[in-house]
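Reviewing the structure listed below.
All of these numbers come straight from a predicted model, not from anything done at the bench. Hydrogens, waters and symmetry mates play no part in the numbers below; they use all other heavy atoms, side chains included.
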Amino acid sequence: MKVLVVDDFATMRKIVKNVLRQISIENVVEAENGKHALTVLQTEPVDLIISDWMMPEMTGIEFLKVCKGDEEKKKIPFIMVTAEGQAASVMEAIKSGVDNYIVKPFTPDKLKDAIDKARARVGK
Amino acid sequence: MEAKYINPFVAAAQIVFKSMLAVDVKMEKPKMKEQRTASGDVTGIMSLVGDRKGTICISFHDNGALFVFKTLTGDECDKVGADVVDAIGELTNIISGQARQEFEKAGINLSASIPMVVVGKEVELNFITKVPIISLPFSFSVNNGNRETMYLDFSFE
């Protein structure tokens, strides 16, 4: 499985990669915001997107909406990972078509569970 | 300061350390903080607004910050630099987020600023608040059986 990790903080991308490594997912590409992620997706086919919420240039929600509005990209399971666990934020992500939503802090098991559910939701 | 304003921060520290670092923290004796300076060498700061307003600081001595960086990222580092600063900022963000979820359960809705991190011993931090600053020290085990402390200082009104 190849995963696209999107976060404006390089260290947070390292943290997510470290957790993915603990659940045996090593093939990871990175982007620093939604706009950069769309550029990466032009040349890198991925099996899963894990995106932060608050990012400059294009937020996670904006990036999510672009993906879910595209015939090909909408087939990629999309997980929002964020510290924003409040009800309003979760609802906005759900309405925008997120396949799963995981709030920091998370354990490797919690991330694996979120990945499995997101993939099942898009029929993978 | 009522327990309902302290407990969310305690729960947040314990939950975040256990889930993201696989480390148990032990809360030591809380105290009112007299000096308006950072408790450690690397300090993450976030403001909270909404039903209440205040500031939360998460502070580590250098070795504690390096341990947090290594445990979170899997990378080695022997001195506090930009990557370690980022990691402490992110940890502050995560603990603040978890605390805000705990507050939401108690019917108190809060939003937070983006984190900032200051580096240096006894850096002056001016909490713009009329209420006392409470310092919650959390000790945790690092390499070779040594212990480090995370200081969670907050002021809330």
Applying a strict 4.5 Å limit to non-hydrogen atoms, the region of A/Phe106 in contact with chain B is both
Side chain / backbone / both / neither for B/Ser96 at chain A, heavy atoms under 4.5 Å: neither
For residues B/Ile15 and A/Pro105, determine if any side-chain heavy atom of one lies less than 4.5 Å from a side-chain heavy atom of the other. yes
With a 6.0 Å cut-off on the ring centroids, do B/Phe138 and B/Tyr151 count as close? no
Indicate yes or no: does A/Lys104 engage B/Glu90 in a salt bridge with an N to O separation below 4.0 Å. yes
Need one label for A/Arg13: side chain, backbone, both or neither, based on atoms under 4.5 Å from any heavy atom in chain B. neither
Can the ring centres of B/Phe17 and B/Phe140 be said to be less than 6.0 Å apart? yes
